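Computed from heavy atoms alone, side chains included, the values below leave out hydrogens, waters and symmetry copies. Computed from a prediction, not measured in an experiment: that's the story for all the values here. Count residues from 1 along the sequence.
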Amino acid sequence: MTKRILFLINPVSGVGKQRTIERYIESELDCNKLSVDIDYTEFRAHARELAGKAVGQYDAVVAVGGDGTVNEVASKLVGTDTALAIVPTGSGNGLARFMQIPMRINKAIQSLNYFHEKKIDTMKVNQYCSVNVAGIGFDAHISHNFEGKKLRGPLGYLQLITTEFAGYQSDTYQLKIDGKVYNRKAFLISFANSSQYGNNIHIAPNAQIDDGLIDVSIIRDFPMFDAPAMIFSLLDKSINKNDNDEVVRAKRIEIEHPSELKAHVDGEPVLLGKKAIIEIKPLSLKIIVPPDHLIENSILDPIKEIIPNIQDTLNLDNIWNLKLPKT
């Protein structure tokens with residue numbers, strides 16, 4: 001039976017890979033299996049509006065963009081029979097990376113032909129939906145300052161983090177985690193549904209997206225000379241072993257603070273007021289995942305993200321297929 005899918009393309013997300021999307025849709029999709037419509041977002045939250053209208057009309061809505069576009073689409077698909085699919089073209093692509101969706105557009109689109117569905121958890125952060133990672137503290141500070149920056153992608157984040165780190169002051173938070181009270185002076189507090197922010201920066205290495213739990217990662221205030229080790233531990237998936245990191249797994253978190261909480265939800269800046277409630281919604285979203293033979297694990301992934309679409313311009317497909325040794 002033919003599946004109906006709607007592509008929602010954010011024409012300004014990330015680093016420009018979305019410009020080739022229509023060409024790949026035509027060349028890579030199996031028209032005997034899939035019936036396709038395409039629409040473009042024109043303003044912030046437009047993807048949310050279009051995805052809401054697609055519920056019940058389409059079997060899947062494909063978010064073509066970054067984490068913000070994915071969040072907008074997913075927020076309207078939670079609790080419905082319409083699945084989320086992702087063609088990652090953004091700066092971080094956190095959920096796409098965690099679900100092992102190929103970073104190459106042609107491979108990501110090929111994955112849709114198999115229409116493999118999986119149910120995953122989502123989080124509710126006050127009135128907002130989060131499918132990947134939400135947080136307060138330094139990562140939220142970066143999110144609010146990153147908005148509107150001209151330099152996007154990993155290099156843009158790195159530049160901003162380098163600029164802002166030295167002057168950032170940790171804050172004290174009172175949390176109630178599944179009824180138990182915690183008072184912590186924290187550099188940041190992340191609420192992780194998946195393990196990573198994006199760009200293979202792992203804030204909660206043991207997080208599972210279908211276990212009905214949120215991994216609360218509390219990075220305590222730490223001296224500046226510890227920063228290099230902290231950064232390395234985010235990259236090698238060992239942050240949970242760092243003495244400055246405390247991880248608590250929970251279903252519900254409440255935070256009260258004397259001033260308004262700046263936060264991010266899947267990388268997008270939001271304000272939560274003086275009280276935030278974060279809750280898990282188990283197995284509330286269907287997502288399309290790739291078949292095993294399309295999962296990529298290239299040793300050159302970081303280079304591919306810094307130089308977008310290099311495989312198209314230099315015809316390096318054979319090199320991209322060089323795999324990491326299995327451990």
Side-chain angles (χ1 to χ4, degrees), residues 3-22 24-25 29 34-99 101 103 105 108-109 111-112 117 120 122-134 143-144 146-149 152-153 193-194 197-198 263-271 281 284-289 308:
K3 300 285 189 180
R4 292 197 67 201
I5 63 174
L6 173 65
F7 280 82
L8 294 182
I9 303 173
N10 181 351
V12 297
S13 77
V15 288
K17 292 187 286 186
Q18 68 282 356
R19 286 178 294 208
T20 61
I21 188 68
E22 288 199 36
Y24 282 123
I25 290 172
L29 282 185
L34 303 172
S35 173
V36 175
D37 289 319
I38 300 172
D39 211 341
Y40 284 83
T41 61
E42 298 176 2
F43 48 84
R44 189 166 188 169
H46 195 199
R48 183 177 291 113
E49 176 186 324
L50 295 173
K53 294 177 180 178
V55 170
Q57 306 299 315
Y58 292 89
D59 296 289
V61 178
V62 187
V64 184
D67 295 321
T69 305
V70 170
N71 177 277
E72 286 190 22
V73 173
S75 68
K76 287 297 184 179
L77 304 185
V78 170
T80 76
D81 287 329
T82 300
L84 168 71
I86 305 172
V87 174
T89 64
S91 301
N93 305 309
L95 182 61
R97 291 182 189 277
F98 183 83
M99 302 306 301
I101 294 169
M103 292 296 106
I105 292 176
I109 292 177
S111 298
L112 302 178
E117 289 183 322
I120 65 172
T122 61
M123 298 184 293
K124 186 177 180 182
V125 183
N126 282 4
Q127 71 269 35
Y128 300 102
C129 169
S130 175
V131 292
N132 192 48
V133 177
S143 175
H144 281 258
F146 188 67
E147 190 175 33
K149 291 288 184 182
R152 307 297 290 178
N193 191 34
S194 89
Y197 291 122
H264 77 89
V265 173
D266 298 341
E268 295 300 299
V270 298
L271 296 173
K281 296 175 70 69
S284 53
L285 178 65
K286 292 181 178 180
I287 186 169
I288 306 299
V289 297

Exercise. Walk me through it: do Val36 and Phe7 pass the test side chain to side chain contact (heavy atoms under 4.5 Å, CB included)?
Key: CA-CA 7 Å; Val36 175; Phe7 280 82; 3.6 Å; yes
Self-check item: Ile287 and Leu95: CA distance, side-chain angles, deciding distance, side chain to side chain contact (heavy atoms under 4.5 Å, CB included) verdict
Solution: CA-CA 10 Å; Ile287 186 169; Leu95 182 61; 4.0 Å; yes
Euclidean distance, [Y] [atom2] relative to [X] [atom1], rounded to 0.5 Å:
X	Y	atom1	atom2	answer
Cys129	Arg48	SG	CZ	8.5 Å
Ile105	Tyr24	CD1	OH	6.5 Å
Asp59	Leu112	CG	CG	12.0 Å
Ser194	Ile120	OG	CD1	9.0 Å
Ile9	Asp39	CD1	CG	8.5 Å

Quiz prompt | Single hit among Thr122, Asp266, Asn71, Asn193 for side chain to side chain donor-acceptor pair (under 3.5 Å) with Ser130 | solution =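 That would be Asp266; it is the only one of Thr122, Asp266, Asn71, Asn193 passing the side chain to side chain donor-acceptor pair (under 3.5 Å) with Ser130.
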If you compare all heavy atoms of [X] against all heavy atoms of [Y], which two are closest, and at what distance to 0.1 Å?
X	Y	answer
Ile38	Ile25	CD1-CD1, 3.7 Å
Ala134	Val125	CB-CG2, 4.0 Å
Asn93	Gly65	OD1-O, 3.9 Å
Leu50	Tyr40	CD1-O, 4.2 Å
Asn132	Met123	O-CE, 3.9 Å
Val73	Ala63	CG2-CB, 3.9 Å

Exercise. Could you check Glu49 against Phe43 for side chain to side chain contact (heavy atoms under 4.5 Å, CB included), going step by step and ending with a plain yes or no?
Key: CA-CA 10 Å; Glu49 176 186 324; Phe43 48 84; 3.9 Å; yes
For residues 76-85, run the donor-acceptor check on the side chains, cut-off 3.5 Å, and write out each pair with its distance to 0.1 Å, sequence neighbours left out.
unit_1	atom_1	unit_2	atom_2	d
Thr80	OG1	Leu77	O	2.8
Thr80	OG1	Thr82	N	3.2
Thr80	OG1	Thr82	O	3.4
Thr82	OG1	Gly56	N	3.3
Thr82	OG1	Tyr58	O	3.0

Exercise. Answer yes or no: is there an ion pair linking Arg44 with Glu268, defined by an N-O contact shorter than 4.0 Å?
Key: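 Between Glu268 and Arg44 there is a salt bridge, with a charged N closer than 4.0 Å to a carboxylate O.
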Practice problem: Applying side-chain contact (heavy atoms from CB on, under 4.5 Å) between Ile5 and each of Ile288, Leu29, Asp37, report the one that passes. | Solution: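 Among Ile288, Leu29, Asp37, the one meeting side-chain contact (heavy atoms from CB on, under 4.5 Å) with Ile5 is Leu29.
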Quiz item: Under 3.5 Å, is there a donor-acceptor pair between the side chain of Glu117 and the main chain of Lys286?
Solution: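 Absent.
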Quiz item: Between the side chain of His144 and the main-chain N/O of Ala263, is any donor-acceptor distance below 3.5 Å?
Solution: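 Pair found, side chain donor or acceptor close to backbone of Ala263.
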Quiz item: Are side-chain heavy atoms of Ile101 and Val289 found at a separation under 4.5 Å?
Solution: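 A side-chain contact under 4.5 Å is absent here.
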Exercise. Could you verify whether a donor N or O on one side chain and an acceptor N or O on the other, from Arg4 and Ser35, lie under 3.5 Å apart?
Key: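 Side-chain D/A pair, Arg4 to Ser35: absent.
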Self-check item: Val133/His264 under side chain to side chain contact (heavy atoms under 4.5 Å, CB included): CA gap, chis, key distance, verdict
Solution: CA-CA 8 Å; Val133 177; His264 77 89; 4.3 Å; yes
